[in-house]
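Here is how names work: the chains are called A, B, and so on, in the same order as the sequence lines, proteins then strands, and each is numbered from 1. Side chains included, hydrogens not; waters and symmetry mates left out as well; all remaining heavy atoms used.
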Amino acid sequence: MPVLEKTFQPAEVEKKHYERWESGGAFACGSQPDGDTYTIVIPPPNVTGSLHMGHALNNTLQDILIRYARMRGRDALWQPGMDHAGIATQMVVERQLADAGNMSRRDLGREAFIERVWAWKEESGGTITSQLRRLGASCDWSRECFTMDDGLSRAVLKVFVELYKKGLIYKDKRLVNWDPQLETAISDLEVEQRETQGKLWYFKYPVEGEEGVFLTVATTRPETMLGDTAVAVHPDDERHAHLIGKHCILPLVGRRIVIVGDDYADPEQGSGAVKITPAHDFNDFEVGRRHDLEMVNIFDTTGCINDNAPETYRGLDRFTARQAVVRDIEAAGLLEKIEDHVHTVPYGDRGGVPIEPYLTDQWFADAKELAKPAISAVEDGRTKFFPENWSKTYFEWMRNIQPWCISRQLWWGHQIPAWYGPDGTVFVELDEAAAQAAADAHYGKAVELVRDEDVLDTWFSSALWPFSTLGWPDKTPELARYYPTDVLVTGFDIIFFWVARMMMMGLHFMDEVPFHTVYVHALVRDERGQKMSKSKGNVIDPLDLIDQFGSDALRFTLSSLAAPGRDIRMSESRVEGSRNFATKLWNAARFCQINGCVSGGSFDPASPSQTVNRWIVGEVAKCERDVAQQLGAYRFNEASNTLYQFAWGTFCDWYLEFCKPLLNGDDAALKAETQATAGWVLDQILLMLHPFMPFVTEELWGALAEDRPADLIRSQWPSYPDGIVDENVAKELDWVVRLITGARSVRSEMNIPPAAKVPMILKGAGGRAASWLKTHEPLILRLARLDGIRMAEDIPQGSVQFVHDEATAALPIADVIDIGQEKQRLEKEIAKVDGEIKKLQKKLSNEQFLSKAPEAVVDEQRGRLAAEETARVKLDEALKRLSAVA
RNA sequence: GGGCGCGUAGCUCAGCGGGAGAGCACUACGUUGACAUCGUAGGGGUCGCUGGUUCAAUCCCAGCCGCGCCCACCA
């Protein structure tokens with residue numbers, strides 16, 4: 001095998017392995033048919049989307065889970081696909097049309113426009129899937145879906161028809177959130193409230209038949225007065241109650257409008273009297289219903305004043321109309337005052353303009369009814385949230401859920417399967433033929449039908465994703481095998497939009513929860529904690545980071561920051577650190593390669609006889625145990641850090657250093673054992689790290705040994721025989737590590753030059769220590785930079801000393817030691833130890849503690865006190881020895 | 001108004017009942033044949049404040065002070 005280059009070059013390696021994995025079918029489900037299934041459906045990105053940091057996090061976590069499951073022998077399916085993203089996609093293509101020749105979609109016509117959208121999708125849609133590939137996402141691309149595919153569209157129609165026939169979908173004329181920019185209804189969830197500095201205008205409405213008497217109303221939206229059909233006052237409000245039942249003459253319009261008494265009027269707010277515009281305000285709509293008021297719609301679909309208003313205002317857009325109304329009211333002497341007023345204004349999250357409550361015919365889903373089983377499923381734990389707390393948010397919303405407006409006045413989307421007869425009777429069927437048949441039967445003759453023009457909310461099809469992607473409504477083998485899915489990985493921002501609705505639809509149509517776990521990850525922010533947004537210019541592009549540091553580095557960074565319930569602040573320095581980790585791993589592999597450390601595939605981790613080899617084998621097993629436990633609990637950050645510490649700290653910093661004297665020694669058998677062990681340990685690291693850093697690990701896996709039985713991606717997650725963890729060996733190596741660290745520390749503090757080799761004397765060490773010392777002398781000498789160690793009871797004058805368990809270690813350096821400095825150092829140590837002793841003594845002399853604390857805790861504290869007291873004695877002796885010299 | 005969450009080292013964050021941790025940054029030293037994208041050592045913290053529970057509180061509870069997010073409403 002060629003020797004590895006000095007550094008890891010991610011770009012070519014990533015491309016090479018990804019293409020090989022994909023074309024070789026490594027991502028495909030079904031390759032381990034005997035395993036239990038493990039299924040994740042991807043949150044389908046918008047077909048218009050490109051990979052942002054949230055996607056990167058979301059998909060990294062999914063990929064870790066799916067690769068881990070696959071390695072553990074599960075029949076893993078990561079189902080990919082994209083969302084047709086009705087509004088977003090339509091906007092993209094409309095903009096293209098406008099750029100190309102100032103043509104609108106209406107100029108083009110519906111059919112041609114939709115063709116245009118499909119053409120756009122083929123050409124430039126779905127760049128995100130290639131970006132997901134760069135991230136290393138091991139989706140089963142052979143099963144990629146699109147919400148507008150024939151199959152998924154059939155699912156949408158079937159769901160609509162069935163829900164309609166069960167009365168769970170219905171048509172209703174009511175106020176909806178209307179986006180005048182996009183000219184469509186949107187759902188409650190697509191409205192965002194923005195705090196706005198506005199004004200409060202006070203208008204005087206003349207009371208009919210009472211000269212000089214006015215009722216003052218206050219409004220933030222003067223233009224809506226053109227649609228007023230009442231004024232409400234509180235029945236108990238003494239200022240106004242006597243006017244109830246009388247009328248005002250609506251200025252500028254001249255309409256006679258009634259003064260009603262209604263609790264909705266809050267005497268504390270504004271003037272206490274409130275103008276009522278039932279067609280353009282949700283509260284007013286309710287008041288209107290209670291008092292049977294006329295509903296005057298004054299806007300057209302674009303938010304311009306329509307013919308229901310006086311002629312002078314017709315055609316003005318709502319903001320111009322506002323100015324005109326205020327001007328005219330003032331001219332009429334009816335403007336009482338204007339106040340500054342901060343309030344929130346509802347904006348459409350796509351169109352970006354204030355939405356208008358607007359009275360139209362729309363289709364609604366009975367969310368309240370559909371939510372019931374979805375609520376119970378979480379209540380009784382069939383679906384669990386991680387972190388558990390998100391279930392509260394879910395309940396909060398689900399228990400107060402409103403009817404879901406599912407129709408959109410767009411062209412790009414699933415057209416609603418409803419046909420109208422000549423008298424407006426609606427026929428909801430799977431296709432036109434069935435509707436025609438139903439209509440013919442209904443009318444008793446052949447009639448002409450007109451199809452409903454509206455399409456469905458994009459989230460309607462997304463709600464079916466966990467089963468529509470598996471073939472439903474057909475009874476496919478995949479549906480039977482992979483539904484319900486296992487875990488859904490998502491950001492909290494779409495719990496309402498998506499998770500809740502998948503729960504509703506999944507339970508309704510499959511009778512089973514769509515997933516048993518919802519893992520909710522946080523938001524990725526910039527390094528100062530700001531939400532990333534284009535307008536702030538603080539967006540970090542994950543692809544830039546991949547180019548710069550490699551996909552593995554980005555992935556590892558994200559997973560190591562993915563602590564449950566906390567937002568992630570992304571910073572380049574952190575990615576740099578992860579890149580360094582990949583480099584470290586690379587170089588450790590290089591070292592192993594140069595030194596012939598290859599596991600050979602048949603290594604038995606119970607076989608090593610040499611202590612450091614037995615030790616590292618046990619540490620591997622502990623690491624695996626921890627990682628498995630942490631991943632099982634979705635603690636990605638902890639699992640990442642466990643592996644980081646093990647690979648860098650335990651393996652590179654200690655074990656490989658321990659190996660060096662063994663590999664260069666003349667004991668051939670020992671050398672061979674060490675080579676095999678080191679090679680095996682490296683393999684274990686590659687295996688465990690693979691879900692997190694798939695590229696560098698796969699590359700090393702291939703580079704380190706020929707004739708691997710399988711690519712790393714297809715290899716089995718390790719499991720180890722009981723008994724390879726030997727706690728006595730762990731204690732022994734811990735003793736060695738601390739001895740080396742202690743020596744290094746005093747050397748550094750006493751300014752002994754790193755290159756200078758000095759002897760060490762161990763005083764008061766027991767027999768156990770003697771044997772350990774004998775075993776590990778070569779590596780202690782090497783790592784502590786010593787030229788000899790001996791056990792002796794006398795410590796020469798002018799030694800640097802430190803306490804090591806029951807022994808005192810000394811480095812005699814009479815010629816260079818600064819006695820004063822060493823004295824100071826020891827005194828500082830003593831002060832520290834004294835502090836500990838005092839604390840422990842206090843605790844251990846507390847009767848309450850002794851009687852109430854668990855015995856193990858008391859014993860532990862006693863042990864610590866004994867150790868500190870021993871250290872104290874040794875330090876004292878060391879100090880005396882030093883003083884005797886001084 | 002309702003709900004959720006966060007204040008731990010200079011920065012970003014883990015830990016969440018019994019000895020304060022990591023990464024980055026910082027300081028000193030170092031070309032020890034894997035690695036300077038590195039090594040060794042080190043400095044740095046009344047764990048927001050005040051009470052309470054407990055033998056024991058950074059960790060549990062309450063209140064307060066700061067900060068953030070979600071939902072609803074706003075004449």
May I ask you to list the residues of residues 742-751 of chain A, by number, that have any heavy atom positioned under 4.0 Å from an atom of RNA chain B?
A:R744, A:S745, A:S748
d(CH2, A:W654; P, B:rA34) in whole Å
17 Å
If we take the P atom in both B:rG21 and B:rA41, what is their distance in whole Å?
16 Å
Under 3.5 Å, is there a donor-acceptor pair linking the side chains of A:D228 and A:T277?
yes
Looking across every strand, which nucleic acid part, if any, lies under 4.0 Å from A:P854 by heavy atom: base, sugar-phosphate, or nothing?
base
Categorize A:S560 for me: base, sugar-phosphate, or nothing, with a 4.0 angstrom heavy-atom threshold over every strand shown.
nothing
What residues, two or more places apart in sequence or in another chain, satisfy side chain to side chain contact (heavy atoms under 4.5 Å, CB included) together with A:Y644?
A:F556, A:F581, A:W648
Does A:F556 reach a base, just sugar-phosphate, or nothing at all? Heavy atoms under 4.0 Å.
nothing
Could you run down nucleotides 1-10 of chain B 5' to 3' and tag each one B, S or - for protein heavy-atom contact under 4.0 Å?
-S-SSSS---
Between A:K838 and A:D834, does at least one N-O distance fall below 4.0 Å, as a salt bridge requires?
no
Does a donor on one side chain and an acceptor on the other come within less than 3.5 Å for A:T216 and A:E336?
yes
Roughly how many Å is it from CZ in A:F658 to P in B:rA34, rounded to a whole number?
16 Å
Quick check on B:rC71: is either OP1 or OP2 less than 4.0 Å from any side-chain nitrogen or oxygen of A:N400?
no
Integer angstrom distance from the C1' of B:rC65 to that of B:rU50:
10 Å
Among residues 841-849 of chain A, which residues get a heavy atom nearer than 4.0 Å to RNA chain B?
A:K843, A:N846, A:Q848, A:F849
Between A:R574 and B:rG23, does any side-chain N or O lie under 4.0 Å from OP1 or OP2?
no
Pairwise P distance, B:rA9 and B:rG48 [rounded to whole Å]:
8 Å
Which part of the nucleic acid does A:R399 contact within heavy-atom distance under 4.0 Å: base, sugar-phosphate only, or nothing?
nothing
Would the distance check show the side chain of A:S271 and the main-chain N or O of A:A273 forming a donor-acceptor pair, the cut-off being under 3.5 Å?
yes
Of the options B:rC35, B:rC29, B:rU37, whose atoms approach the side-chain atoms of A:P754 most closely?
B:rC29
Answer with yes or no whether the side chains of A:E5 and A:T7 bring together a donor and an acceptor at under 3.5 Å.
no
A:K584 NZ to B:rA36 C1', in whole Å, measures 11 Å
Between A:W390 and A:Y394, is the ring centroid distance below 6.0 Å?
no
Looking across every strand, which nucleic acid part, if any, lies under 4.0 Å from A:R864 by heavy atom: base, sugar-phosphate, or nothing?
base
Touch check for A:C592, heavy atoms < 4.0 angstrom, all strands: base, sugar-phosphate only, or nothing?
nothing
Just by distance, no angles: are the side chains of A:T557 and A:S578 close enough, under 3.5 Å, to form a donor-acceptor pair?
yes
Around atom CD of A:Q821, are there more than 12 heavy atoms of other residues, nucleotides or ligands at under 6.0 Å?
yes
Heavy atoms within less than 4.0 Å of RNA chain B: which residues of residues 215-223 of chain A have one? Give them sorted by number.
A:A218, A:T219, A:T220
Can you find a side chain N or O atom of A:W648 that sits less than 4.0 Å from OP1 or OP2 on B:rU37?
no
If pairs are Watson-Crick or G-U with both distances under 3.5 Å, what is the dot-bracket string of RNA chain B, marking crossing pairs with [ ] and pairs to another strand with |?
((((((((.[[[[.)..(..]]]].(((((.......))))).....[[[[[..)....]]]]])))))))....
Test side chain to side chain donor-acceptor pair (under 3.5 Å) on A:S187 and A:E190; report intermediate values, then the result.
CA-CA 5 Å; A:S187 78; A:E190 292 160 286; 3.0 Å; yes
Can you check the distance between B:rC47 and B:rU58, where both ends of the measurement are the P atom (answer in whole Å)?
7 Å
Which is true for A:A265 with a 4.0 Å heavy-atom rule: it touches a base, it touches only sugar-phosphate, or it touches nothing?
base
Does A:K6 have a side-chain nitrogen or oxygen under 4.0 Å from the phosphate oxygens OP1 or OP2 of B:rC35?
yes
Within the 4.0 Å heavy-atom criterion, would you say A:K660 contacts the bases, only the backbone, or no part of the nucleic acid?
base
Carboxylate-amine/guanidinium contact A:E836 A:R872, below 4.0 Å:
no
Is A:D266 touching bases, backbone alone, or none of the nucleic acid, heavy atoms closer than 4.0 Å?
base
Choose from B:rC55, B:rC35, B:rC24 the nucleotide whose nearest atom is closest to any side-chain atom of A:S573.
B:rC24
In terms of side-chain heavy atoms of A:D653, which of B:rG39, B:rA22, B:rA34 is nearest?
B:rG39
Please classify the nucleic acid contact of A:E657 as base, sugar-phosphate, or nothing, using heavy-atom distances under 4.0 Å.
base
